[in-house]
Visitor: 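Sharing a structure below in structure tokens format, with a few things to ask.
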There are 2 protein chains.
Amino acid sequence: MTPPAASGRDLPHPVREEIRLESVLHALSDPMRLRIVRELAAEGRELSCSDFALPVTKSTTTHHFRVLRESGVVRQVYRGTAKLNGLRADDLDALFPGLLDRVLEAADRQAGRV
Amino acid sequence: MTPPAASGRDLPHPVREEIRLESVLHALSDPMRLRIVRELAAEGRELSCSDFALPVTKSTTTHHFRVLRESGVVRQVYRGTAKLNGLRADDLDALFPGLLDRVLEAADRQAGRV
DNA sequence: TGCCTCGTACGATAAACCTCGTAGTACGGC
DNA sequence: GCCGTACTACGAGGTTTATCGTACGAGGCA
């Protein structure tokens, strides 16, 4: 297992049991972060931070990714100079079945409603 | 319809179409407010603010109910000296099907996991 | 009328949050 | 070794937030 060690430093992630519902909801309650999560879910694969064309600076982007990581919504792994972000859909679904899907579905609906 | 006019002043509520997913998630991301919503859902009926034994002062309680009302999560109606709070489960379910239920279920699970 | 209860309004405080800019580190390629 | 790319760290500014305390208004009841 453990592919090619992903090269380099590790980032602190909460383990599955440490993920708190309140933190997840808070992480998803910011428009920028919800957008990130939606894109991640739509793409269905890991994306690097720079794949997102967000209307904020890089520092702010870093901040949002950190919130998402610390709340347990995404997993971040260094891969050379890039940092790949993946949705922790498996962990979230194990803890809170169906929650993520409903949020994504709700976001889609709302986006369509505008 | 409109029972006995509920006596007195009205409070500003967002209409169904104005309810924003981000606001709802934000409202639910506070432990005190999530607790209120869970109690409301468990009880299945309208409750007055004083029915909740929250570990905060009355002013703070008022504040949290206001956030819940302005985000569209609860509906508040005056009834004499009391103010009844009801979950807007119908509106939320119409906008974001299944979302509220999953959040409540997730909260139950998490409470049980502790 | 007067009082009690329920809830609001307002002000204050301390913490958290979103945003930015600048400076810095890690990695890969020339 | 040197440079560019990708991201981080730190600090700052301005807004929002959660909390409190005190003072006030509205409604029921004696």
Side-chain angles (χ1 to χ4, degrees), chain A residues 3-13 20 22-37 39-40 46-71 73-86, chain B residues 3-13 20 22-37 39-40 46-71 73-86:
Chain A
S7 101
R9 55 240 131 104
D10 274 0
L11 292 158
H13 289 80
R20 300 280 309 165
E22 293 88 338
S23 306
V24 171
L25 294 177
H26 173 245
L28 297 176
S29 73
D30 180 90
M32 210 64 67
R33 291 194 292 262
L34 184 55
R35 174 170 164 172
I36 291 174
V37 170
E39 230 169 296
L40 227 35
E46 297 189 321
L47 294 175
S48 80
C49 296
S50 50
D51 287 337
F52 298 86
L54 300 176
V56 291
T57 64
K58 282 197 297 181
S59 339
T60 305
T61 303
T62 296
H63 160 70
H64 285 308
F65 274 107
R66 189 219 292 250
V67 174
L68 287 171
R69 170 171 48 84
E70 291 181 343
S71 66
V73 177
V74 308
R75 190 177 298 280
Q76 297 190 294
V77 183
Y78 280 102
R79 181 73 151 269
T81 170
K83 194 165 68 170
L84 294 184
N85 300 276
Chain B
S7 101
R9 54 240 131 108
D10 275 0
L11 292 158
H13 290 80
R20 301 280 310 165
E22 292 90 337
S23 306
V24 171
L25 294 177
H26 173 246
L28 297 176
S29 73
D30 181 271
M32 211 63 69
R33 290 194 293 261
L34 185 55
R35 174 169 166 174
I36 291 174
V37 170
E39 230 167 297
L40 227 33
E46 298 189 319
L47 294 174
S48 80
C49 296
S50 51
D51 287 336
F52 300 85
L54 301 176
V56 290
T57 62
K58 281 194 300 177
S59 339
T60 305
T61 304
T62 296
H63 161 70
H64 284 308
F65 274 108
R66 191 220 292 250
V67 174
L68 287 171
R69 171 170 48 82
E70 291 180 345
S71 66
V73 176
V74 306
R75 189 178 298 281
Q76 298 189 296
V77 183
Y78 280 104
R79 182 74 152 263
T81 172
K83 194 164 69 170
L84 293 184
N85 300 276

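Naming: A, B, ... by sequence-line order, numbering from 1 per chain.
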Visitor: C/dC6 P sits how many Å from B/Gln76 CD, rounded?
Guide: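 Roughly 16 Å, once rounded to whole Å.
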Visitor: Under 3.5 Å between N/O atoms: give me all the protein pairs with nucleotides 11-16 of chain C, atom names plus distance.
Guide:
none

Visitor: In whole angstroms, how far is the C1' atom of D/dT17 from the CE atom of B/Met32?
Guide: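 Spelled out: CE on B/Met32 to C1' on D/dT17 is 13 Å.
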Visitor: To the nearest 0.5 Å, what is the distance between CE (B/Met32) and NE2 (B/His63)?
Guide: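 So the gap between those two atoms works out to 10.5 Å.
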Visitor: Of all residues at least two apart in sequence or in a different chain, which pass the side chain to side chain donor-acceptor pair (under 3.5 Å) check with B/His64?
Guide: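 B/His64: side chain to side chain donor-acceptor pair (under 3.5 Å) contacts with B/Arg33.
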Visitor: Got a sec, which residues hit side chain to side chain donor-acceptor pair (under 3.5 Å) with A/Thr60, two or more places apart in sequence or on another chain?
Guide: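 For A/Thr60 the side chain to side chain donor-acceptor pair (under 3.5 Å) partners, ignoring immediate neighbours, are A/Thr57.
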Visitor: Select one nucleotide: of C/dC18, D/dA18, C/dG7, the one nearest the side-chain heavy atoms of A/Asp30.
Guide: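 In terms of side-chain proximity for A/Asp30, the closest of C/dC18, D/dA18, C/dG7 is C/dC18.
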Visitor: Rounded off to whole Å, could you give me the CZ-to-P distance for the A/Phe52 and D/dA6 pair?
Guide: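 Taking CZ of A/Phe52 and P of D/dA6, I get 14 Å after rounding.
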Visitor: From A/Leu68 CG over to A/Asp30 CG, what is the distance, rounded to the nearest 0.5 angstrom?
Guide: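 Between atom CG of A/Leu68 and atom CG of A/Asp30 there are 8.5 Å.
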Visitor: Find the distance A/Tyr78:OH to C/dG28:C1' and express it as a whole number of Å.
Guide: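 Taking atom C1' of C/dG28 as the reference, OH of A/Tyr78 is at 15 Å.
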Visitor: Please identify each residue that fulfils side chain to side chain contact (heavy atoms under 4.5 Å, CB included) with A/Gln76, with sequence neighbours left out.
Guide: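 A/Gln76 satisfies side chain to side chain contact (heavy atoms under 4.5 Å, CB included) with A/Leu11, A/His13, A/Cys49, A/Phe65, A/Arg69, A/Val74, A/Lys83, A/Asn85 only.
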Visitor: Rounded off to whole Å, could you give me the CZ-to-C1' distance for the A/Arg35 and C/dC18 pair?
Guide: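 From A/Arg35 CZ to C/dC18 C1': 16 Å.
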Visitor: Using a 4.0 Å cut-off on heavy atoms, which residues in residues 60-71 of chain A reach DNA chain C? List them by number, or say none.
Guide: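 Result for residues 60-71 of chain A: A/Thr60, A/His63, A/His64, sorted by number.
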Visitor: Among all residues two or more places apart in sequence or in another chain, which pass the side chain to side chain contact (heavy atoms under 4.5 Å, CB included) test with A/Glu39?
Guide: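 Per chain and number, A/Glu39 pairs via side chain to side chain contact (heavy atoms under 4.5 Å, CB included) with A/Arg35, A/Phe52.
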Visitor: Separation of A/Leu11 atom CG from C/dT25 atom P, in whole Å?
Guide: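 It works out to 17 Å between those atoms.
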Visitor: Check every atom of C/dT19, C/dG7, D/dT19 against the side chain of A/Val56 and return the nucleotide holding the closest atom.
Guide: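 From the listed options, C/dT19 comes nearest.
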Visitor: Counting only side-chain N and O atoms of A/Thr81, is one of them less than 4.0 Å from OP1 or OP2 of C/dG28?
Guide: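 For A/Thr81, the contact criterion (side-chain N or O under 4.0 Å from OP1 or OP2 of C/dG28) is not met.
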Visitor: Answer yes or no: does a side-chain N or O of B/Arg33 lie under 4.0 Å from OP1 or OP2 of D/dA18?
Guide: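 Yes, B/Arg33 has a side-chain N/O under 4.0 Å of OP1/OP2 on D/dA18.
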Visitor: Drop me the distance from A/Leu28's CG to B/Leu25's CG, to the nearest 0.5 angstrom.
Guide: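 Interatomic distance, A/Leu28 CG to B/Leu25 CG, rounded to 0.5 Å: 6.0 Å.
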Visitor: Just to verify, what does B/Ser50 make a side chain to side chain donor-acceptor pair (under 3.5 Å) with, not counting sequence neighbours?
Guide: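 For B/Ser50 the side chain to side chain donor-acceptor pair (under 3.5 Å) partners, ignoring immediate neighbours, are B/Ser48.
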Visitor: So which pairs with a foot in residues 46-60 of chain B pass salt bridge (charged side-chain N to carboxylate O under 4.0 Å, His left out), sequence neighbours left out?
Guide: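 Listed by first then second residue: nothing to list.
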Visitor: Rounding to a whole Å, what distance do you find between A/Lys58:NZ and D/dG4:C1'?
Guide: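 Roughly 11 Å, once rounded to whole Å.
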Visitor: How many whole angstroms separate atom CD of A/Glu22 from atom P of C/dC17?
Guide: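 Going from A/Glu22 (CD) to C/dC17 (P), I get 14 Å.
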Visitor: Is there a side-chain contact between B/Ser50 and the phosphate of C/dG7, meaning an N or O under 4.0 Å from OP1 or OP2?
Guide: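 B/Ser50 to C/dG7 OP1/OP2: side-chain N or O found under 4.0 Å.
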